[in-house]
2 protein chains.
Amino acid sequence: MRRTEPETRGEILAAATRRFAATGYRGTSLQDIATEVGCSKATVLYHFANKEALLTELMAPAIAMLQSLDDSLVGLTGRAAQQTAAAGFIDLAVRFRREIAVLRGEFPELLQQPAFAHIQRISERMRDALAGHSAQPGARIAALVLLAGISEGCAEFVDVPDDELRPALLALAGRALEPVPDQSPTQDKET
Amino acid sequence: MRRTEPETRGEILAAATRRFAATGYRGTSLQDIATEVGCSKATVLYHFANKEALLTELMAPAIAMLQSLDDSLVGLTGRAAQQTAAAGFIDLAVRFRREIAVLRGEFPELLQQPAFAHIQRISERMRDALAGHSAQPGARIAALVLLAGISEGCAEFVDVPDDELRPALLALAGRALEPVPDQSPTQDKET
DNA sequence: AGCATGCCTGACCGATCGGTCAGACCCTGA
DNA sequence: TCAGGGTCTGACCGATCGGTCAGGCATGCT
């Protein structure tokens, strides 16, 4: 089935995103994706080296945004870290709902793949920032629950519009995160 | 390898719980479980009819507790529904951390299996109760985020002792859930 | 016309999956 | 001593997985 415009590659990427989000990475076969696109499995593997390459490419934008968010957290402490991390992560989660849904539940094993090796440390830093770098168990637990809940929630609320989901999540984060003092020794704007 | 005591069945169940929680239901093969126990795959299938039977049996206690929690929610409205659902679900999540981790991420497909057909509706009612039966998007979103976050959080904090995790989660739920009025027609002392 | 190139496909591969089956082994009771 | 039943296993099955490969077809350049 020859395409008039060679946009097959993009269709494969879009179909893979939908299928991975719906049934997981392991739960989706290359044949599933090919069937949804309307091409053969061999065509999928013509455009992408292998199944993992398909995954890494569709995750790339979300990972780039996660990386830049992580960069913007360096040096922040206390409430500044909490608020920046919360607002940034909510933005990310709302924008990349499907991509986050892909990782849902398969995080541990997918993170073993070299392309995602650094994500684990980023998410740990994110959790730490959400806890305001506090060592108190309550703050750490709240941060993880919020992080996981937002990821899962965005994936589930695919039908809720962004401008309704985002403020609701921001308000929730404001209530849920344990208040921590601004730990900077000199209480200027910067640490 | 003959066991002196025929406790192989229990060992298989325990190994399956660990493996399912670590790598997911689909991500764990019967051979994986057999290897961890130290028996053959055929032995696993001698004690359990098939892979699904293994899953349903190890999930049974958690499901029973979920069912009874669901029963205790009927007729409750407003804050009473919120508080009962929150406390009950936190109890359940803390106690059955590994079992909940099993379902992590594979919820949608696992729920298709007949043994779990009713869980979806229970979890929807749970979400509704956590939202205080409010139709406001903020309340619904907060309920889902908390539900998902607690499930994920308990699965992750396997090393945190129960009596530390439980109060932290309860405090978090108290902060995070949107306050709703007590919808009972007669407004007593409880707001 | 002839050729190269990009896109696509059916046929095929080895590995692994869940599951079946005949039979070996061991204990117990008659 | 032997029969029987509970436990366990290696060998095997069909299905499906991710991935490879040679070749077909349309197009564009020379």
Side-chain angles (χ1 to χ4, degrees), chain A residues 1-59 102-103 105-106 109-110 112-116, chain B residues 1-59 102-103 105-106 109-110 112-116:
Chain A
M1 189 183 303
R2 176 89 173 188
R3 293 285 183 290
T4 54
E5 300 172 11
E7 59 187 8
T8 309
R9 188 188 154 90
E11 291 181 19
I12 291 172
L13 210 52
T17 304
R18 289 192 301 271
R19 298 299 301 155
F20 285 166
T23 58
Y25 176 71
R26 273 193 314 244
T28 301
S29 68
L30 294 176
Q31 185 57 60
D32 290 338
I33 298 168
T35 301
E36 181 149 332
V37 173
C39 67
S40 73
K41 187 181 67 170
T43 300
V44 175
L45 287 165
Y46 167 77
H47 287 286
F48 298 90
N50 48 41
K51 194 183 181 186
E52 181 183 346
L54 195 48
L55 174 67
T56 58
E57 182 158 332
L58 71 87
M59 293 297 295
V102 171
L103 294 182
E106 294 174 301
E109 303 95 70
L110 287 185
Q112 307 295 359
Q113 302 195 1
F116 304 142
Chain B
M1 192 184 304
R2 175 89 173 189
R3 294 286 182 289
T4 53
E5 301 172 11
E7 60 188 5
T8 309
R9 188 186 155 91
E11 293 180 18
I12 291 172
L13 210 52
T17 305
R18 288 192 301 270
R19 298 300 300 156
F20 285 166
T23 58
Y25 177 71
R26 273 193 314 246
T28 301
S29 69
L30 294 176
Q31 185 58 60
D32 290 337
I33 299 169
T35 300
E36 179 149 333
V37 174
C39 67
S40 73
K41 187 181 66 170
T43 300
V44 175
L45 287 164
Y46 167 75
H47 287 285
F48 298 90
N50 49 40
K51 194 183 181 186
E52 182 185 345
L54 194 48
L55 174 68
T56 58
E57 182 156 332
L58 71 87
M59 292 297 296
V102 171
L103 293 181
E106 293 174 301
E109 303 95 70
L110 287 185
Q112 307 294 358
Q113 303 195 0
F116 304 141

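Every chain is numbered from 1, with letters handed out A, B, ... down the list of sequences.
As rounded to whole Å, 14 Å separates atom C1' of C/dG18 from atom CG of B/L55. Atom pair B/N50:CG and C/dC17:C1' shows a separation of 14 Å (rounding to whole Å applied). When rounded to the nearest whole Å, the span between CZ of B/R26 and P of D/dA15 equals 22 Å. Atoms CZ (A/R9) and C1' (C/dG6) sit 14 Å apart, rounded to a whole Å. At whole-Å resolution of the value, CZ in B/F48 and P in C/dG18 are 15 Å apart. Put simply, OH on A/Y25 is 14 Å from P on D/dC17, counting in whole angstrom units. Rounded to whole Å, atom C1' of D/dC17 lies 12 Å from atom CG of A/L45. To the nearest angstrom, C1' of D/dG6 lies 16 Å from CD of B/E7.
Looking at heavy-atom distances under 4.0 Å, B/T43 makes contact with a base. B/L30 comes within contact range of the sugar-phosphate backbone alone, with a heavy-atom separation under 4.0 Å but no base atom that close.
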side-chain hydrogen bond (donor to acceptor under 3.5 Å, both in side chains) between B/D32 and B/S29, worked out: CA-CA 5 Å; B/D32 290 337; B/S29 69; 3.2 Å; yes
Begin with the C-alpha distance, continue with both residues' side-chain angles, and end with the deciding distance and a verdict on side chain to side chain contact (heavy atoms under 4.5 Å, CB included) for B/R9 and B/E57. CA-CA 11 Å; B/R9 188 186 155 91; B/E57 182 156 332; 2.4 Å; yes
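What you find for B/K51 and B/Y25 is that their closest heavy atoms are NZ-O, 2.9 Å.
Counting distance only, with no hydrogens placed and no angle test, the side-chain atoms of B/K41 and the base atoms of C/dG18 include a donor-acceptor pair under 3.5 Å.
Here B/H47 reaches the OP1 or OP2 of D/dC8: one of its side-chain N or O atoms lies under 4.0 Å away. Between D/dT7 and B/Y46, a contact under 4.0 Å exists linking OP1 or OP2 to a side-chain N or O. In this structure, A/S29 does not reach the D/dT16 phosphate: none of its side-chain N or O atoms is under 4.0 Å from OP1 or OP2. For D/dC8, one of the phosphate oxygens OP1 or OP2 lies less than 4.0 angstrom from a side-chain nitrogen or oxygen of B/T8.
Comparing A/A42 and B/S40 by the nucleotide of DNA chain D that holds the closest heavy atom to each, the one mapping nearer the 5' end is B/S40.
Sorted by first then second residue, the salt bridge (Lys or Arg N to Asp or Glu O under 4.0 Å) pairs that include residues 35-48 of chain B, not counting sequence neighbours, are B/R18-B/E36, B/R19-B/E36.
By the side chain to side chain donor-acceptor pair (under 3.5 Å) test, B/T28 is found to be paired with B/T23, residues two or more places apart in sequence or in another chain being considered.
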